[in-house]
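Take a look at the structure set out below.
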Amino acid sequence: DAGVIQSPRHEVTEMGQEVTLRCKPISGHDYLFWYRQTMMRGLELLIYFNNNVPIDDSGMPEDRFSAKMPNASFSTLKIQPSEPRDSAVYFCASSLERTSYNEQFFGPGTRLTVL
Amino acid sequence: QKEVEQNSGPLSVPEGAIASLNCTYSDRVSQSFFWYRQYSGKSPELIMSIYSNGDKEDGRFTAQLNKASQYVSLLIRDSQPSDSATYLCAVNLYSGGGADGLTFGKGTHLIIQP
């Protein structure tokens, strides 16, 4: 079975540009999570969805960040405008609630560099 | 505020020995606990999950949970060079009413010396 799919795998952009990261969760999973990983702060939760509905976005750092999940198989994380401090690896993860206690499976990540 | 603490290491263990990784957490109501392995430049990979006090074994891996002490550990028996990675401890508040995002420790860098 296919795991979580993310695109692009690498993104290099200039400060002020809009960045859109994409995620396809594991088929049938009803939870989708966006995380960000940096050396300084480690792995942090940004936002998560249940059945396409945002549940908790308290981890989104600023209004420049937004996330959507228009259907069960697709989610986007958008940064507009981007800043150098947004440089990080962004991971998407998914889980199936009715299985044991929300085991989350991660995608390969998108490495974002903002110049 | 949920916090998860791990020794950053590096923890150096000779090949064939037992590697012991530790994690403490601050939120007493945390319900489920996970260990992820992350190789450099790769994504976290789930290797163990544990929900009840005591030990849970899976192959060379054993997870141990003590909720009273707010402590979870991971033992790796017969350590192999391929076990060299960063191990992330994660906790999840799950009361049966819905899932939650994971809170991660900063990770322990494990080095298995051939």
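So that the names make sense, note that chain A is the first sequence line, chain B the second, and so on, each numbered from 1. The model shown is predicted, which means the values in this text are computed figures rather than measured ones.
- Looking only at atom types and distance, the side chain of B:Y51 has a donor-acceptor partner in the side chain of B:S49 under 3.5 Å away.
- The neighbour count for A:K68 NZ, taken as heavy atoms of other residues, nucleotides or ligands under 6.0 Å away, does not exceed 12.
- Between A:R64 and A:E18 there is no salt bridge, since no side-chain nitrogen of the basic residue lies less than 4.0 Å from a carboxylate oxygen of the acidic one.
- In this model, no donor atom of one side chain and acceptor atom of the other lie less than 3.5 Å apart for A:R22 and A:S75.
- Aromatic rings from A:F49 and A:F33 are positioned such that their centres are separated by 6.0 Å or more.
- Heavy-atom neighbours of chain B within the stretch residues 36-47 of chain A, taken at a separation under 4.5 angstrom, comprise A:Q37, A:M40, A:R41, A:G42, A:L43, A:L45.
- Residues A:F106 and A:Y35 place their aromatic rings such that the two centres sit under 6.0 Å apart.
- Of residues 36-44 of chain B, those residues with a non-hydrogen atom less than 4.5 Å from any non-hydrogen atom of chain A are, in numerical order, B:Y36, B:Q38, B:G41, B:K42, B:S43, B:P44.
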Donor-acceptor contacts under 3.5 Å from residues 5-17 of chain B side chains, at least two apart:
from: B:Q6; atom 1: OE1; to: B:C89; atom 2: N; distance (Å): 2.9
from: B:Q6; atom 1: OE1; to: B:G107; atom 2: N; distance (Å): 3.1
from: B:Q6; atom 1: NE2; to: B:Y87; atom 2: O; distance (Å): 2.9
from: B:N7; atom 1: OD1; to: B:G9; atom 2: N; distance (Å): 2.9
from: B:S12; atom 1: OG; to: B:Q113; atom 2: OE1; distance (Å): 3.4
from: B:S12; atom 1: OG; to: B:Q113; atom 2: NE2; distance (Å): 3.0

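- Applying the side-chain hydrogen bond (donor to acceptor under 3.5 Å, both in side chains) criterion to A:D56, with sequence neighbours excluded, gives A:S58.
- Environment of CG in A:N71: crowded, with over 12 heavy atoms of neighbouring residues, nucleotides or ligands closer than 6.0 Å.
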